[in-house]
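Starting from 1, each residue takes its place in the sequence as its number. Being a predicted model, the structure only gives us computed values, none of them experimental.
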Amino acid sequence: MPLPQKIDTVYTTDYIYSLPDGQRAELIDGQIFDMAPPKTQHQRIATRLSAEIVQYIQKKGGTCEVFSAPFAVFLNADDRTYVEPDISVICNPDKLDEKGCNGAPDWVIEIVSPGSRHMDYMVKLFKYRSAGVREYWIVDPAKNRIQVYNFEHDEMEEYTFTDTVKSGIYEDMSVDFSGIAITLS
């Protein structure tokens with residue numbers, strides 16, 4: 001699990017931008033959390049999910065944009081919280097600038113890695129909800145589980161990699177995770 005560096009120090013995004021190339025970290029309420037590079041399985045899932053979401057948006061002529069990590073999300077539009085969700089869907093173009101997204105994305109997907117379990121299930125769940133993310137998926141290949149939080153309706157549903165998972169922000173969009181599971185081997 002990523003641990004904060006110095007608990008008595010409050011960091012800002014200036015620290016994030018001072019990191020050497022290739023070193024990744026997230027900043028939550030002024031605390032730095034180092035990030036390990038994602039594994040191949042993680043990247044396969046992220047790529048497949050991103051592609052399905054992009055394809056759906058293009059097919060429908062939608063205006064939302066999909067961004068894959070590393071992509072800067074200044075969750076509270078301040079300099080004390082900076083995250084890099086695995087997948088961010090942003091429907092308000094006013095939130096986007098050259099540095100990333102200022103404010104909450106509409107939909108966030110995190111793919112759990114052994115070192116990110118606590119962050120994804122606890123810390124980020126709370127931060128995404130309180131920041132105004134509309135929908136949050138936690139995709140956990142080790143547990144064969146997808147948890148879908150629809151914060152607008154205060155609902156949580158749980159699925160497996162054999163299920164078709166419906167998006168809450170799009171009326172007719174769903175992801176067949178049995179197709180995603182094929183890429184896991």
Applying salt bridge (Lys or Arg N to Asp or Glu O under 4.0 Å) as the test, list every pair that has at least one member in [range]; sequence neighbours left out.
range: residues 52-61; answer: R48-E52, K60-D172
range: residues 93-105; answer: none
range: residues 70-88; answer: R24-E84

If a pair satisfies disulfide (SG to SG under 2.5 Å) and one of its residues is in residues 136-179, list it, with sequence neighbours excluded.
none
Applying disulfide (SG to SG under 2.5 Å), which residue pairs with at least one partner in residues 65-102 are found, sequence neighbours left out?
C64-C91
I need the full list of ring pair (Phe, Tyr, Trp, His ring centres under 6.0 Å) pairs touching residues 86-113, with sequence neighbours left out, sorted by first then second residue.
W107-W137
Side chains of [X] and [Y]: closer than 4.5 Å at any heavy-atom pair?
X: I146; Y: F161; result: yes
X: N150; Y: H153; result: yes
X: V73; Y: P85; result: yes

Residues forming a side-chain hydrogen bond (donor to acceptor under 3.5 Å, both in side chains) with [X], sequence neighbours excluded:
X: N92; answer: none
X: T81; answer: N76
X: E65; answer: none
X: Y170; answer: none

Side chain to side chain contact (heavy atoms under 4.5 Å, CB included) assessment of I109 paired with V89:
CA-CA 9 Å; I109 299 174; V89 179; over 6 Å; no
Mind checking the [atom1]-[atom2] spacing from [X] to [Y]? Nearest 0.5 Å is all I need.
X: L96; Y: N102; atom1: CG; atom2: CG; result: 8.5 Å
X: I138; Y: K143; atom1: CD1; atom2: NZ; result: 10.5 Å
X: F33; Y: S116; atom1: CZ; atom2: OG; result: 12.5 Å
X: F151; Y: Y136; atom1: CZ; atom2: OH; result: 7.5 Å

Could you tabulate the donor-acceptor pairs under 3.5 Å formed by side-chain atoms of residues 121-133, not counting sequence neighbours?
unit_1	atom_1	unit_2	atom_2	d
Y121	OH	D140	OD2	2.7
Y121	OH	R145	NE	3.4
Y121	OH	R145	NH2	3.1
K124	NZ	E26	OE1	2.8
K124	NZ	E26	OE2	2.9
K124	NZ	E110	OE2	3.0
K127	NZ	D29	OD1	2.8
K127	NZ	D29	OD2	3.4
Y128	OH	E110	OE2	2.6
R129	NH1	D154	OD1	3.4
R129	NH2	D154	OD1	2.5
S130	OG	F126	O	3.0
S130	OG	K127	O	3.3

If every non-hydrogen atom of [X] is compared with every non-hydrogen atom of [Y], which pair is closest and at what distance?
X: I87; Y: A46; answer: CD1-O, 3.6 Å
X: L49; Y: I180; answer: CD2-CD1, 4.0 Å
X: A72; Y: Y17; answer: CB-OH, 4.4 Å
X: L27; Y: T12; answer: CD2-C, 3.4 Å

I'd like to know if the side chain of D163 reaches the main chain of T160, judged simply by a donor and an acceptor atom lying under 3.5 Å from each other, with no hydrogens or angles considered.
yes
Measure from the side-chain N and O atoms of S113 to the backbone N and O of G115, and report whether any donor-acceptor pair falls under 3.5 Å.
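No: the side chain of S113 does not pair with the backbone of G115.
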CD of Q55: more than 12 outside heavy atoms within 6.0 angstrom?
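Check fails, neighbour count at 12 or below.
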Taking atom CD as the centre, does E157 end up with more than 12 heavy-atom neighbours from other residues, nucleotides or ligands that are less than 6.0 angstrom away?
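Open: at most 12 neighbouring heavy atoms sit under 6.0 Å from CD of E157.
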By ring-ring contact (aromatic ring centres under 6.0 Å, His included) - contacts of F67 (at least two apart):
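Per chain and number, F67 pairs via ring-ring contact (aromatic ring centres under 6.0 Å, His included) with F71.
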Between the side chains of Q147 and Y149, is a donor N or O closer than 3.5 angstrom to an acceptor N or O?
yes
Any chance the side chains of S174 and T164 put a donor and an acceptor closer than 3.5 Å?
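No pair is found: no donor N or O on one side chain lies under 3.5 Å from an acceptor on the other.
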